[in-house]
Amino acid sequence: MVDMFERSKLKLTLCEKLKIHYVALLAQKGIGASTLVDELLQSQSPVTGMKFVLTSLPKGVESYEDFMQIYIQNLVRLCSQLYKKTPDNLEQLKVGLRLRTVINYLGEQTQEKLLVIVLHDLADSKQEPLKQLLLILREYHEQINIPGQGGEKIRFLLVGGNSLWKLCSSQNNYDQSPFNIAKRVYIGGLSYRDISGYLPELNLKQQANLLSLTDGVPSLVKLLCQQEESEDIFPFFTDIQNRWWSLSPETRNTLVNTIESQQQLPEAKNIDYECPQIPILEQYPIWEEAFWSGFIRIRHKKLVWRSPLHQAFVATQANSDFDSSKTILLESNLKERSKQLESIIGGSLTGSILKECAEELMFLAPQVKIRRMGNPCIIYGYR
């Protein structure tokens, strides 16, 4: 088994998009975005001539002038690290022109085909000065591939969650969406194909069971591989509880009440059509927080628990009675998903619905018996 799940295909996809776009890399907490970015920063890019470098954003600084001063200093240090020299006479320039001068210098001096500047941990930066910074950065997007321009070889990769998604919303008002020129890329859990490639020693049913229990969350997948023979699920709760205590008390109480009252999670009436894995929940801040913190996800336009392990963890917080074995959790999850899929297949299968159902069938096939009777398929039992 590999020590680290290297998402080679995702890295290559990112690099290909960065040839012609800025990219906003969006992820729920715990999905491994930081690990992915660290790999890009520390190892050779999958695309020849593309170099990734990191610049830190100021944390907790509300003043635009102070925010920009600190960020410019970080860019100047980057110039020194890369080129052993920095642009001259910066002190004589106003802050906005100083920023543009440093960015131009980075683009002009690089010997790489593309220099990708990574901005990480946006959630720790104050939104107003960050918006102003992004409005300046977007100016260079129009210079992509124009010879001699400062933005010809410069690309920006932003990494974050809910706050970044809002900065990239598709509204035309720049004040509302200062980074809507970026291509949005959502990182989900490890896919069925990922699991098959990383863990070929497992048979199809074992791979599908692993994915069903964890929803492909890398840290949970690793733990499950280490404890494959054990039925105990409590070791997984250590990984989940850190994100639990980062939730607001209101969100924790709502999730607990949902378990206690055996309520269904609400429907996701709107989605981001560029990233259909992201529900639009701005009018429901509690569910929005639960989504970006990684406790729920969207499936067939409905909000569902991220995985049986996440649901079981919340059940422990609710002091709810539940069987803590992997086998029981698996059977319950498969039964619920099979029932949902059967009801959807009975309707009209077109476009994105057909694609999602096909993926779900491929996932469920190793775990359940599927009998075809005209249209639809009937899912009727467990192996």
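Numbering starts at 1 and runs along the sequence shown.
Listed by chain and residue number, Y22 satisfy the ring-ring contact (aromatic ring centres under 6.0 Å, His included) test with H141 (two or more places apart in sequence, or in another chain). Checked against side chain to side chain contact (heavy atoms under 4.5 Å, CB included), Q143 has the following partners two or more places apart in sequence or in another chain: Y140, Q149. Residues forming a ring-ring contact (aromatic ring centres under 6.0 Å, His included) with W244 (at least two apart in sequence, or on another chain): F295, F313.
Atom-to-atom distance recorded for E289:CD and L255:CG is 9.0 Å, nearest 0.5 angstrom. We find the CD-OG1 distance between Q73 and T55 to be 13.0 Å, quoted to the nearest 0.5 Å. Atom OH in Y105 sits 7.5 Å away from atom CG in D88 (nearest 0.5 Å). Here the CZ atom belonging to R243 is positioned 9.0 Å from the OG atom belonging to S293, to the nearest 0.5 angstrom. Rounded to the nearest 0.5 angstrom, D66 CG and M68 CE are separated by 11.5 Å.
Taking the side chain as every heavy atom from C-beta outward, L106 and C79 approach each other to under 4.5 Å. In this structure the side chain of I136 reaches within 4.5 angstrom of the side chain of L99, judged on heavy atoms. When side chains are defined from C-beta on, S307 does not count as touching V217, because their heavy atoms never get closer than 4.5 Å. Side-chain atoms of I286 and N253, non-hydrogen and from C-beta on, never get closer than 4.5 Å to each other. With contacts defined as side-chain heavy-atom distances shorter than 4.5 Å, the pair R138/N180 qualifies.
No donor-acceptor pair under 3.5 Å is formed between the side chain of S80 and the backbone N or O of R77.
With hydrogens and angles left out, the side-chain atoms of Q28 and R306 include a donor and acceptor closer than 3.5 Å. A donor atom on one side chain and an acceptor atom on the other are found under 3.5 Å apart for T327 and E231. Of the N and O atoms on the side chains of S212 and N209, not one donor lies less than 3.5 Å from an acceptor on the other residue.
The two residues S8 and Y198 come nearest to each other via the heavy atoms N-OH, 4.4 Å.
Counting non-hydrogen atoms of other residues, nucleotides and ligands closer than 6.0 Å to NZ of K11 gives a total above 12.
Proximity of the aromatic rings of F67 and Y64 is defined here by a centroid distance below 6.0 angstrom, and this criterion is not met.
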Report task. Report the C-alpha distance between E260 and V256 in whole Å, list the side-chain angles of each, state the deciding distance to 0.1 Å, and finish with yes or no for side chain to side chain contact (heavy atoms under 4.5 Å, CB included). Result -> CA-CA 6 Å; E260 289 178 335; V256 167; 3.8 Å; yes
